[in-house]
Amino acid sequence: MPHPLITYLQRRDSLSDEEKSVLERMTHRQETIAVRTPIVRQGSRPTQSCVLLQGIAYREHLLRSGKRMISAVHIAGDFVDLNGMLLAKMDHGVRAASACTVAWIPHAEVIRLTETHPHLGRLFWMTTVTDAALTRAAVSVVGRLPPPAKLAHMACELYLRMSEVGLAKNWSFDLAITQLDLADMFGLSTVHLNRSMQTLRATNAISWDGSRVVIHDWRKLTDIGEFDPTYLNLEPKPR
C-alpha cells in the first residue's frame, strides 16, 4: 500500500528515493487510535507531531460551555499538528472520527530533518501553509455561504483531497463523520443540517446516504458550493 504522506508530497513535488526512505523511517512509530479518542488534546504541550496514515480525524475547538467547533477534516497523509512544533501550547485539539492509524515523529527529529534534508523541510513547511489555507477557506465558507452550499463545498474539497491519496475514485468516497460532527463543523443544529442535506440532494448533484458520498454532477456541485480548488495547493512545482 502506498505511503500516504509520500503520496501527498509527491503530488506537489518530486521526491528522491533517499527522501522517500527518510520519510518511511521517520513514520515507523505507529499507533492505532480508537474512534472518538483525542489524538492531540487542546491545552497540551506536545513534543512530537502526528501523521495520519489511515482513517479520518478532525480539528476541534472546545468552549467553556461544552460546545465545540470543528474547523478542519484530516485524512490519510495529513500532518495533523505539525504547527504544534512551534506553538508553546495547543489552542485546539484533534480527535479521531473513525479508527485511525497514526505515526508519531519527535519534534527534535523534524528539526534535524530540516537541517539534513532542506527540501523535505520546505515540503513540511508547505503542509502547514496548505493547512492554514484550508482554515481560511473554512472561515469563508462557514461565514458566508448558505448551509446547502457549505455542504457542497466540503464535498468538493474532500473528493479532491481524497483522490490525491487514493481514497476516492469514480466520483465517490466514504466519509466517516457523524451528522453531529457535521453540525459542529458548520455551526448548525442537527435538524437544520438534515434539512440542508435534503436541499442539496434535491439538486441531483450529489447523493449523500450515511457515510457514502456520490457526486453525480461535478460542475453543478462546484457552482452550488462556489468551489475554487486554488487553496488546496494541488499544482505540482519544484520547492
Side-chain angles (χ1 to χ4, degrees), residues 1-42 44-60 72-87 90 92-135 158 160-168 173-176 232-234 236 238-239:
M1 180 178 179
H3 193 294
L5 177 58
I6 292 175
T7 301
Y8 173 93
L9 296 177
Q10 279 190 305
R11 291 298 177 92
R12 292 164 172 83
D13 194 1
S14 60
L15 295 176
S16 68
D17 289 340
E18 180 188 357
E19 289 172 330
K20 294 175 190 176
S21 296
V22 168
L23 293 171
E24 288 173 349
R25 291 196 300 271
M26 285 187 76
T27 53
H28 76 277
R29 304 175 189 86
Q30 298 183 11
E31 180 183 0
T32 300
I33 307 292
V35 62
R36 317 303 296 179
T37 301
I39 300 174
V40 180
R41 292 186 181 275
Q42 184 171 317
S44 64
R45 300 177 185 271
T47 59
Q48 55 188 353
S49 285
C50 174
V51 178
L52 186 58
L53 300 178
Q54 188 173 8
I56 298 283
Y58 54 76
R59 180 184 301 139
E60 63 180 6
V73 175
H74 291 295
I75 64 172
D78 287 356
F79 258 113
V80 303
D81 65 337
L82 187 57
N83 53 7
M85 189 177 75
L86 299 176
L87 297 175
M90 294 300 288
H92 62 277
V94 179
R95 188 177 297 270
S98 68
C100 293
T101 301
V102 303
W104 297 102
I105 306 176
H107 290 163
E109 192 169 339
V110 177
I111 292 171
R112 283 196 299 272
L113 176 135
T114 63
E115 297 167 349
T116 60
H117 293 80
H119 179 237
L120 285 179
R122 293 193 298 275
L123 292 181
F124 279 17
W125 182 16
M126 178 202 67
T127 70
T128 65
V129 172
T130 302
D131 196 45
L134 292 175
T135 300
L158 287 177
L160 290 185
R161 290 174 60 198
M162 288 184 168
S163 293
E164 68 178 353
V165 292
L167 297 175
F173 60 95
D174 290 310
L175 182 60
L232 295 178
N233 194 24
L234 297 174
R239 292 176 167 86

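When reading the values below, keep in mind they use all heavy atoms of this one structure, side chains included, and skip hydrogens, waters and symmetry mates. When a residue number appears, it is its place in the shown sequence, counting from 1. None of these values were measured; they are calculated from a predicted model.
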Subject >> Flag if over 12 foreign heavy atoms under 6.0 Å of CZ, Arg36 >> reply: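 More than 12 heavy atoms, drawn from other residues, nucleotides or ligands, come within 6.0 Å of this atom.
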Using a 4.5 Å cut-off on heavy atoms from C-beta on, say whether the side chain of [Y] contacts that of [X].
| X | Y | result |
| --- | --- | --- |
| Asp81 | Met90 | yes |
| Asp78 | Arg161 | yes |
| Thr114 | Leu120 | no |
| Trp104 | Glu31 | yes |
| Arg59 | Asp131 | yes |
| Phe124 | Leu113 | yes |
| Leu175 | Met162 | yes |
| Gln48 | Ile105 | no |

Original post:
Under 3.5 Å, side chain of Arg239 to main-chain N/O of Arg12, donor-acceptor pair present?
Top reply: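 Indeed, once roles are kept as given, a pair shorter than 3.5 Å links the two residues.
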**OP:** Measure from the side-chain N and O atoms of Thr27 to the backbone N and O of Leu23, and report whether any donor-acceptor pair falls under 3.5 Å.
**Re:**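 Between the backbone of Leu23 and the side chain of Thr27 there is a qualifying donor-acceptor contact (under 3.5 Å).
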**OP:** Indicate whether any N or O donor in one side chain lies under 3.5 Å from an N or O acceptor in the other, for Thr130 and Asn233.
**Re:** yes
**OP:** Answer yes when Glu60 and Arg95 have at least one side-chain N-carboxylate O distance shorter than 4.0 Å, and no when they do not.
**Re:**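 Arg95 and Glu60: salt-bridged.
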Original post:
Would you call Arg29 and Glu109 a salt bridge, taking side-chain N to carboxylate O under 4.0 Å as the test?
Top reply: yes
**OP:** Give me the one residue out of Glu19, Arg122, Glu18, Arg112 that meets side chain to side chain donor-acceptor pair (under 3.5 Å) with His117.
**Re:** Glu18
